[in-house]
Amino acid sequence: MMAQKKPKVADARRQAAIDRMFDEGQGHVFRFWDELSEDARNALVEQCATIDFDLMNRLVAEHVKGAAGKKADRVIEPAPMVPVPASDEEKRREAEAHTAGVKLLKEGGVAAFLVAGGQATRLGYDKPKGTYPITPVKNKTLFQLHAEKIIAASRRYGKRIPWYIMTSIANHGDTTGFFEEHDYFGLPRGDVHFFPQDMIPAVDKDGKFLLEEKGRISMNPNGHGGSLLALKKSGALADMKKRGIEEIFYFQVDNVLVKICDPVFIGYHHLEGAEMSTKVVSKAHAEEKVGIVGLINGRLGVVEYSDLTKEQMHERNPDGSLKYDGGNIAVHMLRVDFVERMNKGGLQLPYHKAVKHVNAIDEKGAPVPKDVKNGIKFETFVFDALGEAEKSVTMQVRREEDFSPVKNAEGEDSPETARRHLVEQWTRWMRAAGLDLPRGGKGTSPWRIEISPLTALDEEELIARAKTGFSFSWELYI
Ligand code: UTP
């Protein structure tokens, strides 16, 4: 292969960025330099200037050239959990947590934090996932559904709940534009803050950068763990402190059932003085492919499905429940000062590698076919911060009330299952409120039903509204 000619530019800072690429053995990214416009050249060099080579060299040495992750030494044990309340004592504790959570919300001590920087690859949707229409009757988007839950919660607690939204460079403009277009769904603009997370280059099997286009290096968002760094870098953390926020409710864009700012969860976490907490659900079956919250060498973390032996997956407690249970649903509480601490000396979360298809062109400029696993992506996971928390609460919740993610275009965890779970949840609430809906084949409503979060955020609210003779404004689609 012919040696790549080094481009020469007038600006010393940009020249230094080019020189560094060559020094690091990545000069091939300038392969198409002669074909690029002035703007495209500048954009490419600016992109080069964002790369953290200390990090990249370490990742390539560990994950591409070396043998990373000696998981064999790991001792895995179940984590202690707050169960779904069954006994009177458990119910009393839940009520206590609820009171504490409501108090903090009424004091304005909680912010909502949405991570929406992902690429929605599995869904195959090329716009931000939050703009996906999801509700069964009104076709509200995921963003609107979340926004209305936040509005309803602020009304309920009589306090503004600021909403921080992490995007990525790839979807930032589309995300903010969507909120503009929809007038922030009724939220005060000053309470919604957007900021992008960092991007990290993908590499090929030799640790070389790939080109997404002739003038752009293939990069991906640095994983939801990058949110802890982005909170700090963007000034969001400082803004929270100014507003007197103590606790952050973290959630992901694709969970249609997420109870944003759930007072019970906030309360358990806050009363415990925990730094980071997690909600979990029971596994659907022993071999369900979910990460479970557990102790890894004595520290809290998420145990990947593949790290449990078949025996461990099936092992049961004396009461018949699974020993290794507690599927992570990516709903967390984070203390503001914990996020601050996690950023001391730069974010220390480990990077994980995934060998997958990376959007790239080959040496001749032709796109690499989508079915070719041509690259390695690096990502951090927010749950890796659990092991750093001095105290933590793992709270078990009912899947049907808290978790239904939109991940895939079809089948499991798809828009279809999410819509069904919404209808099932709202049907349960309506029945509890005294409305006897006809049952379909599987005991669920055969109708499309929708309850706006602005009408009722939960079953209790719907029941209360029904008692006062509230005339329901939901729609039934027959
Ligand atoms: P997933 O890991 O499910 O990724 O993200 P995704 O982008 O939604 O879908 P795939 O994997 O490309 O199919 C879970 C949550 O974390 C956010 C996503 O936006 C989603 O809310 N996320 C993920 C980020 O904010 N940044 C990332 O780098 C990765």
Side-chain angles (χ1 to χ4, degrees), residues 55 59 112-132 134 141-143 145-147 149 163-172 174-176 178 193-202 218-231 233-234 236 248-258 260 278-279 289-291 302 304-305 327-332 334 339 347 349-359 370 373 375-385 403-415 417-418:
L55 173 67
L59 293 180
F113 177 36
L114 168 66
V115 292
Q119 297 177 303
T121 328
R122 285 167 288 172
L123 187 61
Y125 187 60
D126 61 3
K127 288 185 245 163
K129 206 191 253 188
T131 68
Y132 195 90
I134 199 67
T141 59
L142 285 158
F143 280 144
L145 188 61
H146 299 323
K149 287 183 188 178
W163 188 12
Y164 299 85
I165 301 176
M166 185 178 80
T167 59
S168 73
I169 288 166
N171 69 19
H172 186 82
D174 285 346
T175 303
T176 54
F178 193 75
H193 306 265
F194 302 92
F195 52 88
Q197 68 181 117
D198 284 349
M199 305 285 280
I200 183 166
S218 305
M219 289 193 179
N220 57 275
N222 62 349
H224 40 62
S227 62
L228 301 184
L229 179 66
L231 277 171
K233 265 175 88 169
S234 66
I248 304 168
F249 180 92
Y250 168 107
F251 67 108
Q252 303 195 331
V253 73
D254 48 23
N255 181 6
V256 294
L257 295 183
V258 60
I260 301 175
T278 308
K279 278 192 179 186
K289 293 186 177 163
V290 287
V302 171
E304 282 169 48
Y305 150 84
N328 171 36
I329 63 166
V331 173
H332 301 291
L334 292 157
V339 180
L347 187 66
L349 291 183
Y351 276 82
H352 301 257
K353 78 163 178 184
V355 179
K356 30 170 114 165
H357 174 76
V358 173
N359 284 337
K370 290 268 179 216
K373 288 188 178 172
I376 298 166
K377 288 187 181 182
F378 298 107
E379 275 193 313
T380 54
F381 299 149
V382 74
F383 51 71
D384 281 328
F403 185 55
S404 179
V406 180
K407 297 284 185 200
N408 308 308
E410 284 171 0
E412 232 176 52
D413 296 339
S414 63
T417 56

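Atoms within each ligand, like the ligands themselves, are counted from 1 in listed order. These numbers come from the heavy atoms of this one structure, side chains and all, not from hydrogens, waters or symmetry mates.
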* **ring pair (Phe, Tyr, Trp, His ring centres under 6.0 Å) partner of His193, the single match among Phe113, Trp163, Tyr164** => Tyr164
* Structure fact -> So for Ala116 against ligand 1, with non-hydrogen atoms under 4.0 Å, the contacting part is backbone
* Structure fact -> Closest to atom 3 (O) of ligand 1 among protein heavy atoms sits Lys407 NZ, 2.6 Å
* When you measure from the side chain of Asn255 to the backbone N and O of Leu257, does any donor-acceptor pair fall under 3.5 Å? -> yes
* Does ligand 1 have any atom that is closer than 4.0 Å to a heavy atom of Gly223? -> yes
* Looking only at protein heavy atoms, identify the closest one to atom 6 (P) of ligand 1 and say how far it is in Å. => Ala120 N, 3.8 Å
* How are the rings of Phe381 and His352 set relative to one another: parallel (under 30°), tilted (30 to 60°) or perpendicular (over 60°)? -> parallel
* **Cationic N near anionic O, under 4.0 Å, Lys127 to Asp174** => no
* So which protein heavy atom does atom 21 (O) of ligand 1 come closest to, and at what separation? -> Val115 O, 2.7 Å
* **Minimum-distance protein heavy atom relative to atom 26 (N) of ligand 1** => Gln197 OE1, 2.7 Å
* Kindly compute the distance separating NZ (Lys233) from CZ (Phe195), expressed to the nearest 0.5 Å. => 11.5 Å
* Which distance, rounded to the nearest 0.5 Å, do you find between the OH of Tyr250 and the CG of Leu228? -> 8.0 Å
* To do: Could you tell me the separation between the CD atom of Gln197 and the NE2 atom of His172, rounded to the nearest 0.5 Å?
  => 12.0 Å
* To do: With heavy atoms of Gln119 as the reference, note each atom of ligand 1 found under 4.0 Å away.
  => 7 (O), 12 (O)
* Judging by distance only, is a nitrogen or oxygen of Met166 under 3.5 angstrom from one on ligand 1? -> no
* Shortest heavy-atom approach to atom 15 (C) of ligand 1 - which of Gln252, Met199, Lys377 -> Gln252
* **Shortest protein contact, atom 12 (O) of ligand 1 (heavy atom only)** => Thr121 OG1, 2.6 Å
* Asked: Taking only heavy atoms of Pro221, which atoms of ligand 1 are found under 4.0 Å from at least one of them?
  -> 28 (O)
* Structure fact -> Taking only non-hydrogen atoms of Glu379 and a 4.0 Å limit, the atoms of ligand 1 in range are 29 (C)
* Asked: Which residue holds the protein heavy atom closest to atom 22 (N) of ligand 1, what is that atom called, and what is the gap in Å?
  -> Gly118 N, 3.5 Å
* Using only heavy-atom distances, determine whether the side chains of Asn328 and Lys279 contain a donor-acceptor pair under 3.5 Å. => no
* What is the nearest protein non-hydrogen atom to atom 25 (O) of ligand 1, stated with its residue, atom name and distance? -> Gly117 N, 2.7 Å
* Quick one: nearest non-hydrogen protein atom to atom 4 (O) of ligand 1, plus distance? -> Arg122 NH2, 4.0 Å
* To do: Starting at CG of Leu231, measure out to CD1 of Ile248 and round the result to the nearest 0.5 Å.
  => 5.5 Å
* Look only at the side chain of His224 and the backbone of Val382, and say whether a donor-acceptor pair between them is shorter than 3.5 Å. => yes
